[in-house]
Amino acid sequence: MTMAIRPAMSDDLPLLCALIESAYRGSTARSGWTHEADLLDGQRTDLDALADALADPSHCLLIATRNDQLIGCVEITDKGSGLCYLGLLSVSPEGQAQGLGKQLIAAAEAEAQSRFAARVMEMTVIRQRGELIAFYERRGYQLTGEERPFPYGNARFGEPRRDDLVFVVLARDLA
């Protein structure tokens, strides 16, 4: 079972969108440990957003495949001045807790350094997702103390099931 991590291509987008949705939302997501299904309904992303990211040179979508099956992904966004953003880290629910998330993070950090000359990687996580925050802290990310508002009213990011969602910012020096 050989795993490969490579940049996504336009042909990958329908399966990529389905993978992300299955990892974050709905009943399928509940079989994994990293889901947001108890916090948000609705979509996590859509084909248009993924196509926009693929076409934008400041973004990089990496996908992981095993035996030609899509099993994970991560997005890197160049924010300039040596800062990159890590997002959309997704592993198929049945493939979680097997180290793939760690491998995708490492690949994203290496890609951010080589492609965008990143020195710092940051991410946002919904504050209520303590187990996920702890996972990132074990990977060397630290809470910065900064919080960012959740985009209430924008269905593109999902439909909140509660009114106290907020993002915390985590960062890691890559140098």
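All figures in this text were calculated on a predicted structure; none of them were measured in a lab.
Rounding to the nearest 0.5 Å places CZ of Phe135 at 6.5 Å from CG of Leu89. Rounded to the nearest 0.5 angstrom, Ile63 CD1 and Ile5 CD1 are separated by 10.0 Å. To the nearest 0.5 Å, the span separating CG on Leu88 from SG on Cys17 amounts to 9.5 Å. A distance of 6.0 Å separates CG of Leu15 from CG of Leu70, quoted to the nearest 0.5 Å. To the nearest 0.5 angstrom, Leu104 atom CG is 8.0 Å from Ile71 atom CD1. Atoms CG and SG, on Leu61 and Cys73 in that order, are 7.0 Å from each other to the nearest 0.5 Å.
In this structure Thr144 satisfies the side-chain hydrogen bond (donor to acceptor under 3.5 Å, both in side chains) test with no other residue, sequence neighbours excluded. For Asp12, the salt bridge (charged side-chain N to carboxylate O under 4.0 Å, His left out) partners two or more places apart in sequence, or in a different chain, are Arg6. Residues that satisfy the side-chain hydrogen bond (donor to acceptor under 3.5 Å, both in side chains) test with Thr124, not counting sequence neighbours, are Tyr85. Applying the salt bridge (charged side-chain N to carboxylate O under 4.0 Å, His left out) rule to Glu147 yields the partners Arg127; only residues at least two apart in sequence or on another chain are considered. In terms of the side chain to side chain contact (heavy atoms under 4.5 Å, CB included) criterion, residue partners of Asp164 (sequence neighbours excluded) are, by chain and number, Gln128, Arg162. For Asp163, the side chain to side chain contact (heavy atoms under 4.5 Å, CB included) criterion is met by no residue, not counting sequence neighbours. Among residues two or more places apart in sequence or in another chain, the side chain to side chain contact (heavy atoms under 4.5 Å, CB included) test is passed with Asp56 by Ser58, His59. With sequence neighbours left out, Asp11 forms a salt bridge (charged side-chain N to carboxylate O under 4.0 Å, His left out) with no residue at all. In this structure Gln69 satisfies the side-chain hydrogen bond (donor to acceptor under 3.5 Å, both in side chains) test with no other residue, sequence neighbours excluded. Residues passing the side chain to side chain contact (heavy atoms under 4.5 Å, CB included) test with Leu143, sequence neighbours excluded: Ile133, Glu137, Val168, Leu170.
In the hydrophobic cluster analysis, where Ile, Leu, Val, Met, Phe, Trp and Tyr join through side-chain heavy atoms closer than 4.5 angstrom, Val169 is grouped apart from Val125. Clustering ILVMFWY residues whenever any of their side-chain heavy atoms sit less than 4.5 angstrom apart, transitively, puts Val120 in a cluster other than the one holding Tyr136. Cluster membership for Tyr152 and Val166, using ILVMFWY side-chain heavy atoms within less than 4.5 angstrom, is not shared. Leu132 and Met121 fall within a single hydrophobic cluster, where Ile, Leu, Val, Met, Phe, Trp and Tyr side chains are chained together by heavy-atom contacts under 4.5 Å. One hydrophobic cluster holds both Ile105 and Met3 under the rule that ILVMFWY side chains link at heavy-atom gaps under 4.5 Å.
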Check: residues 107-114 side-chain donor-acceptor pairs under 3.5 Å, at least two apart:
from: Glu109; atom 1: OE1; to: Arg172; atom 2: NH1; distance (Å): 2.9
from: Glu109; atom 1: OE2; to: Tyr141; atom 2: OH; distance (Å): 2.7
from: Glu109; atom 1: OE2; to: Arg172; atom 2: NH1; distance (Å): 3.2
from: Glu111; atom 1: OE2; to: Arg115; atom 2: NE; distance (Å): 2.9
from: Glu111; atom 1: OE2; to: Arg115; atom 2: NH2; distance (Å): 3.0
from: Gln113; atom 1: NE2; to: Leu174; atom 2: O; distance (Å): 2.8
from: Ser114; atom 1: OG; to: Ala110; atom 2: O; distance (Å): 3.2
from: Ser114; atom 1: OG; to: Glu111; atom 2: O; distance (Å): 3.4

Side-chain donor-acceptor pairs under 3.5 Å in residues 46-55, sequence neighbours left out?
from: Asp46; atom 1: OD1; to: Asp48; atom 2: N; distance (Å): 3.2
from: Asp46; atom 1: OD1; to: Ala49; atom 2: N; distance (Å): 2.7
from: Asp46; atom 1: OD2; to: Gln43; atom 2: NE2; distance (Å): 3.2

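Nearest heavy-atom pair, Leu100 versus Ala64, reported as atom, atom and distance to 0.1 Å: CD1-CB, 3.9 Å. In plain terms, the two heavy atoms of Val91 and Gly101 that are nearest each other are CG2-N, 3.9 Å. For the residue pair Asp78 and Cys84, the shortest heavy atom distance occurs at CA-SG, 3.8 Å. Minimum interatomic distance between Pro57 and Phe116 (heavy atoms only, all atoms of both residues): O-CE2, 3.4 Å. Considering all non-hydrogen atoms of both residues, Pro151 and Phe167 come closest at CD-CE1, 3.7 Å.
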For a side-chain contact (heavy atoms from CB on, under 4.5 Å) check, start with the C-alpha distance between Asp173 and Arg119, then their side-chain angles and the critical distance, and finish with the verdict.
CA-CA 6 Å; Asp173 287 335; Arg119 296 183 307 280; over 6 Å; no
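For CG of Asn154, the number of neighbouring non-hydrogen atoms (other residues, nucleotides, ligands) closer than 6.0 Å is greater than 12.
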